[in-house]
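One structure below.
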Amino acid sequence: HLPLNFPPDFNVTLTGSDSLSSHRRTIPLKQYLHEITHNNGGETRPDQLGNQTWYLFGETHSGEWANFLRLYNLPLCYSCTQMHYLQSLIALSFGIGNVGSG
């Protein structure tokens, strides 16, 4: 149900899985979700090159993402104080990849 949380034409920026994430690609979220669930049987093969594998990771700094991530219940943080929560000092890292992507 992830696409229902975003406008129909919502674009995402993907990065290649090479060690420097040096490749970028911008496509509609729905297209990316279709690709990772249908291409190669929905899996990343061990022999697949980094420049042939795309991830949604780290490029989630928009109002739409903020609204979506606000729904996430943070796990208990043993080293956090109430101040961390009140001042929004806790960062979320969110990504989407297919099976076997790491």
Side-chain angles (χ1 to χ4, degrees):
H1 302 303
L2 180 67
L4 299 176
N5 291 283
F6 296 91
D9 58 347
F10 186 73
N11 286 326
V12 293
T13 301
L14 309 174
T15 55
S17 68
D18 60 316
S19 59
L20 301 175
S21 298
S22 56
H23 298 87
R24 297 255 190 279
R25 177 179 168 216
T26 301
I27 64 172
L29 174 62
K30 285 184 179 181
Q31 179 183 339
Y32 175 62
L33 295 174
H34 179 81
E35 287 180 8
I36 64 170
T37 56
H38 292 87
N39 293 357
N40 300 322
E43 292 190 42
T44 299
R45 298 183 317 265
D47 62 339
Q48 200 165 328
L49 300 176
N51 65 351
Q52 298 171 340
T53 307
W54 297 96
Y55 298 104
L56 170 61
F57 182 77
E59 301 277 341
T60 55
H61 307 289
S62 69
E64 290 90 351
W65 280 113
N67 289 335
F68 174 73
L69 293 174
R70 207 171 287 130
L71 301 173
Y72 180 73
N73 290 321
L74 293 171
L76 184 59
C77 175
Y78 292 102
S79 62
C80 298
T81 66
Q82 188 63 26
M83 179 190 72
H84 289 95
Y85 291 98
L86 294 174
Q87 294 181 2
S88 299
L89 298 175
I90 298 171
L92 294 176
S93 179
F94 181 80
I96 302 173
N98 59 352
V99 174
S101 63

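In this structure, the separation between CD on Q31 and OG1 on T26 is 11.0 Å, given to the nearest 0.5 Å. Between the CD atom of E35 and the CH2 atom of W54 there is a distance of 10.0 Å, given to the nearest 0.5 Å.
When side chains are defined from C-beta on, F6 does not count as touching K30, because their heavy atoms never get closer than 4.5 Å. R25 is listed as a side-chain neighbour of I27, based on a closest heavy-atom distance under 4.5 Å. Side chains of P28 and D9 form no contact here, defined as non-hydrogen atoms less than 4.5 Å apart. Within the 4.5 Å cutoff, side-chain heavy atoms of I36 are placed close to those of I96. Looking only at side-chain heavy atoms (C-beta outward), T15 and L56 stay at 4.5 Å or farther from each other. For the pair N39 and N98, the minimum side-chain heavy-atom distance is 4.5 Å or more. You'll find the side chain of L14 stays beyond 4.5 Å of the side chain of Y55, heavy atoms only. L2 places a side-chain heavy atom less than 4.5 Å from the side chain of F68.
The two residues P3 and L29 have their closest heavy-atom pair at CA-CD2, 4.4 Å.
Put simply, F10 and Y72 are part of the same group of oily side chains (I, L, V, M, F, W, Y) that touch within less than 4.5 Å, one to the next.
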Next item on the list: Report the C-alpha distance between N5 and W65 in whole Å, list the side-chain angles of each, state the deciding distance to 0.1 Å, and finish with yes or no for side-chain contact (heavy atoms from CB on, under 4.5 Å).
Entry: CA-CA 9 Å; N5 291 283; W65 280 113; over 6 Å; no

